[in-house]
Amino acid sequence: MEEKGTFQDRARFIWQVADDILRGTFKQHEYGDVILPFVVLRRLDCVLEDRKDALIETYNKFKNTLKEDQLKPVLLKETNGLNFYNVSRYDLQRLTQDASNIEMNFNNYINGYSKNVYEIIDNFQLDKIISKLVKNDLLFMLVDKFTEVDLHPSKVANHEMGYIFEELLRRFSEMSNETAGEHYTPREVIHLMVNLLFAEHKDELAGTGIIRTIFDPACGTGGMLTIAKEHIQKHINPHIEVVMYGQEVNSQTYAIAKSDVLITGGDAENIKPLSCFRDDGFRGKKFNYMLSNPPFGVSWKKEQESIEKEANDPYGRFTAGLPRVSDGALLFLQHMISKMEPRGSRIAIIFNGSPLFTGDAGSGECDIRKWIIENDWLEAIIALPTEMFFNTGIATYILIVTNNKTMRRKGKVQLINASEFYEKMRKNLGNKRKYITEDQIKEITNNFTCFKENGYCKIFDNDDFGYTKITVEQPLVEDGKIIRDRKGNPKPDTTLRDYEKIPLKEDIDDYFDREVKPHVPDAWMDRSKDRIGYEINFTKYFYKYTPLRPLDEIKRDILSLEKETEGLLKEILE
């Protein structure tokens with residue numbers, strides 16, 4: 001078995017297999033449909049490798065004497081802690097020993113998997129793929145090539161396996177022109193999110209016999225779930241039982257996430273398919289911790305009817321408000337908030353800047369922000385460096401949301417500017433050009449836990465983000481006279497109507513007299529149209545003014561540059 005080095009080397013090797021074997025038979029946008037299930041199968045093979053022969057022996061011993069429901073626990077016991085098995089005498093390596101019967105043996109191999117794995121494979125719709133591979137004499141060649149890459153957990157850790165899947169998915173999605181919204185989460189960002197979730201709450205996880213649940217409503221390949229579980233058991237409490245739950249709309253990434261949960265010893269039935277907006281796979285269930293990186297700027301048009309119906313249900317998930325149909329990010333957060341435990345849950349979610357400030361007072365986005373902040377659920381926002389994600393270079397933020405703030409955080413929101421905490425990557429991964437080091441993760445986490453203002457951290461009252469939007473009217477004037485209604489009040493000129501956003505901490509009348517009246521003495525406020533809004537324009541709170549350079553200094557630089565240019569021209573002419 002050939003060593004492929006780092007996860008980048010393995011991803012590159014698998015990509016090359018696709019290009020070498022599938023070119024000409026499959027269209028480029030079909031490569032992922034073929035390759036991804038084989039990556040999963042190879043990973044499963046490697047995990048079962050040490051127990052394969054014992055499993056076959058146990059199966060042959062009891063298959064004629066035990067019923068299926070009795071045989072299953074016997075076989076699972078033989079796996080030494082795994083939640084799946086394969087009783088076929090074949091794996092990918094053994095399939096290469098009989099090239100002439102590859103199709104029949106491959107089907108025997110697939111059918112040998114336990115039902116939970118078979119359901120994963122079924123999501124890849126492998127039957128049509130295998131038929132086409134057989135028809136073009138490519139199945140044996142592909143199986144043979146995959147035996148060259150070792151994906152055993154001892155060689156490829158779970159987080160590295162996640163990177164392999166996501167690098168392949170990135171490349172395949174680029175070939176399919178399906179990059180919109182597919183922002184796979186770098187592992188160091190997930191580590192930071194997990195750190196922020198647990199940094200001040202480790203004592204709650206001490207002891208034995210403790211069970212905690214983790215949920216991701218847009219779980220992709222399952223990386224956030226498995227990394228959060230690993231972090232808790234490695235750095236906080238090795239005895240705690242962490243139960244993972246997730247939902248994923250894309251059938252490929254759903255199958256990958258389900259296989260990953262299986263391999264790490266979780267219950268694969270806790271990973272649900274389909275959109276969580278239309279089909280809540282965990283209706284009525286609450287979770288201790290939730291993490292997510294929902295797609296940015298993705299439309300919820302397809303689910304609009306069911307979402308609007310639920311928004312009108314006083315017990316529904318979306319009663320706080322509905323964002324624009326073109327961006328469903330805040331729907332994910334409302335969905336997660338609906339699943340908070342009454343005794344306390346913590347949420348970490350990644351957004352771009354839009355959900356923080358888009359939408360005026362009275363809009364769906366603004367009403368959702370108002371609902372969250374006035375309920376004192378928003379704990380912190382952390383600005384990440386740009387160019388952190390594989391398929392986008394835009395500015396992103398981690399929001400920490402909880403219904404159980406510590407005393408010192410009540411009524412407060414902490415902003416941390418971590419946009420300069422990064423190192424440049426030696427080689428880009430798509431649009432990902434930067435990464436956060438372990439030391440930088442610790443420094444950001446320390447800024448969070450210290451809860452003291454400095455150059456990177458600012459602390460605000462909830463009300464600091466709120467404002468009252470008032471309507472400013474001016475009188476309608478015709479022929480030099482103010483037109484009045486029957487009560488003698490001046491009629492407003494709608495063409496001159498204007499609005500002011502007055503911070504919640506300011507007295508509205510004082511503000512109006514100070515900022516508006518001096519400029520338009522005849523103006524008045526129509527207080528019946530007041531709207532309360534909230535927005536968080538993150539960059540303005542950390543803006544640093546850079547004074548313009550003096551004109552004399554600029555002039556000197558220009559003259560110096562002219563002299564250098566003249567000197568160079570003179571040398572060239574001579």
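Below, each value reflects all heavy atoms present in this structure, side chains not excepted, and no hydrogens, waters or symmetry copies.
Residues R343 and N404 form no side-chain contact, since every pair of their non-hydrogen atoms from C-beta on lies 4.5 Å or further apart.
Side-chain atoms of N352 and S354 form no donor-acceptor pair, as typed in the model, at a separation below 3.5 Å. With no hydrogens or angles considered, a side-chain donor-acceptor pair links S275 and E303 at under 3.5 Å. In the model, T437 has a side-chain atom that pairs as donor or acceptor with a side-chain atom of Q440 under 3.5 Å.
F460 meets the ring pair (Phe, Tyr, Trp, His ring centres under 6.0 Å) test with F465, Y541; sequence neighbours excluded. Y511 meets the ring pair (Phe, Tyr, Trp, His ring centres under 6.0 Å) test with no other residue; sequence neighbours excluded. For R369, the salt bridge (charged side-chain N to carboxylate O under 4.0 Å, His left out) criterion is met by no residue, not counting sequence neighbours. Residues satisfying the salt bridge (charged side-chain N to carboxylate O under 4.0 Å, His left out) test with R514, not counting sequence neighbours, are E506. Residues meeting the ring pair (Phe, Tyr, Trp, His ring centres under 6.0 Å) test with F287, sequence neighbours left out: F215, Y245, F282.
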Run M290 and M340 through side-chain contact (heavy atoms from CB on, under 4.5 Å) and show every step you take. CA-CA 9 Å; M290 291 171 262; M340 292 196 297; 3.9 Å; yes

Could you walk me through whether I350 and M224 pass the side-chain contact (heavy atoms from CB on, under 4.5 Å) test, one step at a time? CA-CA 12 Å; I350 297 175; M224 285 197 176; 4.2 Å; yes

Trace of the salt bridge (Lys or Arg N to Asp or Glu O under 4.0 Å) decision for R324 with E365: CA-CA 8 Å; R324 292 160 300 152; E365 289 97 335; 2.6 Å; yes

Please assess R497 against T471 for the test side-chain contact (heavy atoms from CB on, under 4.5 Å), listing each intermediate value before the final yes or no. CA-CA 7 Å; R497 182 173 291 155; T471 303; 3.8 Å; yes

How far apart are the C-alpha atoms of D464 and V413, what are their side-chain angles, what is the distance that settles it, and do they pass the side-chain contact (heavy atoms from CB on, under 4.5 Å) test? CA-CA 9 Å; D464 287 330; V413 177; over 6 Å; no

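A salt bridge is absent between K258 and E248; no separation between the charged side-chain nitrogens and carboxylate oxygens falls under 4.0 Å. Between R187 and E230 there is no salt bridge, since none of the side-chain N atoms of the basic residue sits less than 4.0 Å from a carboxylate O of the acidic one. Using a 4.0 Å cut-off between charged nitrogen and carboxylate oxygen, D360 and K501 count as a salt-bridge pair. Salt-bridge formation is detected for the pair E188/K432: a Lys NZ or Arg NE/NH1/NH2 atom is positioned less than 4.0 Å from an Asp or Glu carboxylate oxygen.
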All N/O donor-acceptor pairs, side-chain side in residues 522-531, below 3.5 Å, sequence neighbours left out:
unit_1: D526; atom_1: OD1; unit_2: S528; atom_2: N; d: 3.2
unit_1: D526; atom_1: OD1; unit_2: S528; atom_2: OG; d: 2.6
unit_1: R527; atom_1: NE; unit_2: D530; atom_2: OD1; d: 3.4
unit_1: R527; atom_1: NE; unit_2: D530; atom_2: OD2; d: 2.6
unit_1: R527; atom_1: NH2; unit_2: D530; atom_2: OD2; d: 2.9

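Although no hydrogens or angles enter the test, the distance criterion places no donor-acceptor pair under 3.5 Å between the side chain of N431 and the main chain of E387. No donor-acceptor pair closer than 3.5 Å links the side chain of D313 to the backbone N or O of K309. Checked by atom type and distance alone, the side chain of Y467 pairs as donor or acceptor with a backbone atom of A361 at under 3.5 Å. Side-chain atoms of N403 come within 3.5 Å of backbone N or O of E341 as a donor-acceptor pair.
Each of R346, K405, R408 was scored for a salt bridge (Lys or Arg N to Asp or Glu O under 4.0 Å) with E200, with one residue passing: R408.
Contact detail for D493 and P475: the closest heavy-atom pair is CB-O, 3.8 Å. Taking all atoms of both residues into account, the shortest heavy-atom contact from A348 to M193 is O-CE, 3.4 Å. Heavy atoms only, all atoms of each residue included: K339 and D280 are closest at NZ-OD2, 3.0 Å. When all heavy atoms are compared, the tightest approach of C219 to A257 is SG-CB, 4.1 Å. Heavy atoms only, all atoms of each residue included: I382 and A418 are closest at CG2-CB, 4.0 Å. Taking every heavy atom of both residues into account, N462 and I373 meet most closely at ND2-O, 3.5 Å.
Outside the 6.0 Å centre-distance limit, the rings of F542 and Y456 are not counted as a close aromatic pair.
Taking a 6.0 Å sphere around CG of L561, one finds it holds more than 12 heavy atoms contributed by other residues, nucleotides or ligands.
A cation-pi contact links R409 to F448, judged by a cut-off of 6.0 Å to the six-membered ring centre and 45° from its axis.
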